[in-house]
**Student:** 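The structure that follows is given in the form of structure tokens.
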Amino acid sequence: MSYNPQESEPKIYKQWEESGYFNPDVCVKKGVTKKTAEPFTIVLPPPNVTGRLHMGHAAMLAIEDILVRFNRMRGKKTLWIPGTDHAAIATQSKVEKIIYKEEGKSRYDLGREVFLKRVEQYAQESHDTIVHQVKSMGSSLDWSREAYTLDEPRYLAVYTAFKNMYDDGLIYRGHRIVNWDPKGQTTISDDEIVYQEQKTKLYTFKYSKDFPIAIATTRPETKVGDTAVAVHPDDTRYKKYIGQEYKLTFCGVPLTVKVVADKEIDKTFGTGAVGVTPAHSTIDWEIAERHNLPRSQVIDEKARMMVGDERLLGKKVLEAREIIVAWLKEENLLIKEEEITHNIGTAERTGAVVEPLPKLQWFIAVNKKFKLKNSKIKGIKSGSETTLKEIMRATVKNGQTKILPKRFEKIYFHWIDNLRDWCISRQIWYGHQVPAWYCGGVEKSSQLRMGFHKDVVPQVFDGKTKTYRLRDYGFKVGDKVLFENSQTRTLFGYAIITKIEETRVDKIDYADATHYKTYKNLQELITAFKLWNPDKVVTAQSKAYLYAYEFHKFSKQDSSDGCGQIIAPLNKPKICPACGGTKLKQDSDTLDTWFSSGLWTFSTLGWPHFAETATRGEPGPKNDFANYHPTNVLETGYDILFFWIARMILMSGYNLGEIPFETVYLHGLVRDGQGRKMSKSLGNIVDPLDLIAKYGADATRLSLIIGAAPGNDVKLSEDKVRGYRNFTTKIWNAAHFVTMNYDPKFAKVKPKFTAADKKDLLELKKIKVQVTRDIESFKLHSAADTLYHYFWHTFADKIIESAKSRLKSENKADKKAAFEVLSTILLTSLTMLHPFIPFVTETIYQDLPFRKAKSRPMLLVEQW
RNA sequence: GGACGUUUAGCUCAGUGGUAGAGCGCUUCGUUCACAUCGAAGAGGUCACAGGUUCGAUCCCUGUAACGUCCACCA
């Protein structure tokens, strides 16, 4: 007989799911977890909806599931939340590729709406595949709480966080040099650049015969955008030129070049002088900022020249480079031409050479001071001034969040020290659209009702037919509103919004009709409104149409040209609160995918919708925020330490004044048997599903755990998996043997334990202590290894072997003792092995005839 | 250029201030007995190299080398 994982695993997973035990609320309700139990939370790092899972995901799922199952069995209120990530650029470019390949069309051919539908369809299919794979691994996730980074609760979280940061002045819009991907037509972050070594020519030349200083560059074509030459202030060679301005013509382009002194310049490198191209180099942009230099863009979004005569205009950068080099030679300005190896930045997704360009983008200021209202972060007091960088540094430095292995903490600090403002806008379509609207004034053909301030106000009914809701317009409790009688078209009262209901019609309590009055113009109305003191508030009775308008923003008159103001309210507004304009256009950019991912630990727990009302100790998702945040462990690959972990610490610190998690467990990369990265081009990708189909999820899990210390890469070979599959068979057979020797007739026989028996049971206890300690200190590989060897080489090879003769003996007390030892060790071992290899242990457990009556219905919720 | 990591059996990797460990592979033997997806026995290592601390170093320190990773980017 042998164990068949292919048959058993799906069946067992279904049982688990149907039992509801993955949901901590159910565990409490069914009495397997105490209501007052300590919580244990992990939020699953959401896999991208770009296709299928890889071995790295499998490792992640295995590790997290072990921690989750272990803690659940120890009686903690354990929650593991599943979800997926929309992965903006990654998903969009994948779908773009597919559409281009199949239909030869670009996203612009389809248009934003149609294209987004296609992406969503793809994301949905991908999501379903992923969920299936995640389940195949045996992950005990609470599917009732599944989240998506682009679903409605997460939208609310993103918009709330954006608005808060905007109001605090931490989010701003500005011109900066960004990494522009000319192929993908979007900005990309520093982390999305892949540097490639390349041989390039370094040219040393002078701008003109009269120009006194020679400079060097690898990109002569950008030199038509130069506005200065920077030298070190102490450089004796150039000191006399500092402050001078030269007018010259460079390859047909008129330039004004000023000589400036800057300490950043290395005297010993090249000629010791740098041609400053502010618009096409980050460093030069900063130099230009320091010296107040003009910054003219000379290369456009398609990496073509924007200036010059017919020689240069419209040419691609590489062509322009040759033209300029030829011109330099012709004019005898080229001094030196040498070959150097040079790292060139390319876009991770498209492979295009990144072109630094100045662009209007949204940024998060990481060094700007602001007041952190409620802080639970050590070293940062509530209400004190701090910066986002400081928050990121403090949480790890003070040990509130620990990173395993510890060496990554150094890397983390180093990264923070070098962090610049985070560019959060992307020129792609799939993602959270930037919640900022630009006011274009009043729509002339507005659908809104006529009235005193017709065109500019939304209508709000208290009747039953329409459900315009105040919150759709950005109104809040406490806003003052005006009412107009629909028949007479006169204003008759004011009110304060006392309640904004979640569903149906908003309830507005307004002042009674004694305030009725007609006003000739807006100014008169405002004066009256200001004088009005709403001491009396009554409930609405009238069927009159209500017109609502925010009082304090009356100061700006309605204008048909639009005020152009940028606003970042929570809900999509229909009118501009500044001027009443109705032509509002949302910013077309989307947010960096890590913006929404940064909120993940708390946006999945009901923030911000239920954050205020959540009550600790009460069941249900509405109280998750109080019950489960901060989370206990964040487990992921070390490759996204910066992308993600740092940003979660930032977002949680800023929005909640709290750490997102206590421990960061970083696993290594899963490599092939020869230690190579798994990649498509090498064709050495192993699909977790294939391994599961062949050897079972249990064996796959073990092979990803054993021999994998945190932060170290794991080499995975099929031999290894096969080895652990043999282990599952071994367990199955050992259990089978013990069961075979079970005799219910001996129930009342009192066992007579030998000294060896007692020694064996004592050793079991020791193993348990050791395994528990190992798991608690995240040495999963060590715990799994210990169990493996104990079960196979101590229990199966020695204890069972030595029990065989006793089990055949006529001495009932001795026979019973031998059996008791075996069954005790078996049961305890199954319990301890369950987090690692849940399927085979659960299968065996449920069929054990000698399980005690008081045991739990499933090993899943058995006590550790 | 800066930082970090790795170097232990043929291969892949654990590990510890006090006789070197596992899996796979290899050799020999065994098995109608829970299990051949097995059992027993065995071969195989200057723990990269050099120096230091120590009674004692594979482990701690310093340096060197090879390999790998991350960060920065240079006019």
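Here is how names work: the chains are called A, B, and so on, in the same order as the sequence lines, proteins then strands, and each is numbered from 1. Keep in mind it's a predicted model, so treat the numbers as computed, not measured.
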**Student:** Among U37(B), C70(B), C38(B), find the nucleotide with the atom closest to the side chain of Trp792(A).
**Tutor:** C38(B)
**Student:** Would you please indicate yes or no on a ring centroid separation below 6.0 angstrom for Tyr412(A) and Phe408(A)?
**Tutor:**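 No, the ring of Phe408(A) stays outside the 6.0 Å limit from the ring of Tyr412(A), centre to centre.
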**Student:** Provide the distance between the two C1' atoms, one in G15(B) and one in G51(B), to the nearest whole Å.
**Tutor:** 25 Å
**Student:** When all nucleic acid strands are considered with a 4.0 Å heavy-atom cut-off, which category describes Arg725(A): base, sugar-phosphate, or nothing?
**Tutor:** base
**Student:** Which base sits across from A66(B) as a Watson-Crick or G-U pair, both distances under 3.5 Å?
**Tutor:** U6(B)
**Student:** Quick one: is His781(A) getting a side-chain N or O under 4.0 Å of the G15(B) phosphate, OP1 or OP2?
**Tutor:**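 For His781(A), the contact criterion (side-chain N or O under 4.0 Å from OP1 or OP2 of G15(B)) is met.
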**Student:** Please classify the nucleic acid contact of Asp797(A) as base, sugar-phosphate, or nothing, using heavy-atom distances under 4.0 Å.
**Tutor:**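 The residue Asp797(A) makes sugar-phosphate contact but no base contact.
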**Student:** Which base, if any, makes a Watson-Crick or G-U wobble pair with U58(B), both distances under 3.5 Å?
**Tutor:**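 Pairing partner, where one exists within any strand: none, as none qualifies.
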**Student:** Tyr695(A) OH to G23(B) P: how many Å, rounded?
**Tutor:**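 For the pair Tyr695(A) OH and G23(B) P, the rounded distance is 18 Å.
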**Student:** Indicate, with a heavy-atom threshold strictly under 4.0 Å, whether Ser281(A) touches base, sugar-phosphate, or nothing.
**Tutor:** nothing
**Student:** Can you tell which of U37(B), A22(B), C70(B) lies closest to the side chain of Ile411(A)?
**Tutor:** C70(B)
**Student:** Using atom NZ of Lys779(A) as one end and atom P of U16(B) as the other, report the distance to the nearest whole Å.
**Tutor:** 7 Å
**Student:** Scan His793(A) against the nucleic acid and name what it touches under 4.0 Å (heavy atoms): base, sugar-phosphate only, or nothing.
**Tutor:**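 Sugar-phosphate contact only.
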**Student:** Taking 4.0 Å as the cut-off, does a side-chain nitrogen or oxygen of Lys804(A) come that near to OP1 or OP2 on A34(B)?
**Tutor:**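 Answer is yes, contact under 4.0 Å.
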**Student:** Within the pair Lys730(A) and G39(B), is there a side-chain N or O less than 4.0 Å away from OP1 or OP2?
**Tutor:** yes
**Student:** Can you tell me how far P in A20(B) sits from the matching atom in U27(B), rounded to whole Å?
**Tutor:**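 My reading of the P atoms in A20(B) and U27(B) gives 27 Å.
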**Student:** Nearest to the side chain of Lys410(A), which nucleotide is it out of C4(B), C71(B), A34(B)?
**Tutor:** C4(B)
**Student:** Checking Tyr246(A) against Tyr207(A) for the ring pair (Phe, Tyr, Trp, His ring centres under 6.0 Å) test, could you report, in this order, the C-alpha distance in whole Å, the side-chain angles of both residues, the deciding distance, and whether it holds?
**Tutor:** CA-CA 10 Å; Tyr246(A) 297 85; Tyr207(A) 291 110; 9.4 Å; no
**Student:** To the nearest Å, give me how far apart CD1 (Ile706(A)) and P (U12(B)) are.
**Tutor:** 19 Å
**Student:** Expressed as a whole number of angstroms, how long is the span from Tyr724(A):OH to G23(B):C1'?
**Tutor:**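 So the OH-C1' distance, Tyr724(A) to G23(B), works out to 6 Å.
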**Student:** Checking contacts here: which listed nucleotide (C73(B), C71(B), A34(B)) is nearest the side-chain heavy atoms of His736(A)?
**Tutor:** A34(B)
**Student:** Does Lys201(A) pair with Glu339(A) as a salt bridge, N-O distance under 4.0 Å?
**Tutor:**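 A salt bridge is absent here (no side-chain N lies under 4.0 Å from a carboxylate O).
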**Student:** Give a yes or no answer on whether the side chain of Lys720(A) reaches the backbone of Ser703(A) with a donor-acceptor pair at less than 3.5 Å.
**Tutor:** yes
**Student:** Answer yes or no: is there a donor N or O on one side and an acceptor on the other, between the side chain of His280(A) and the main chain of Val298(A), under 3.5 Å?
**Tutor:**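 Yes, His280(A) side chain to Val298(A) backbone: donor-acceptor pair under 3.5 Å.
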**Student:** Could you tell me whether Ala273(A) contacts a base, only the sugar-phosphate backbone, or nothing, with contacts defined as non-hydrogen atoms closer than 4.0 Å?
**Tutor:** nothing
**Student:** Does OP1 or OP2 of A34(B) have a side-chain N or O of Asn741(A) closer than 4.0 Å?
**Tutor:** no
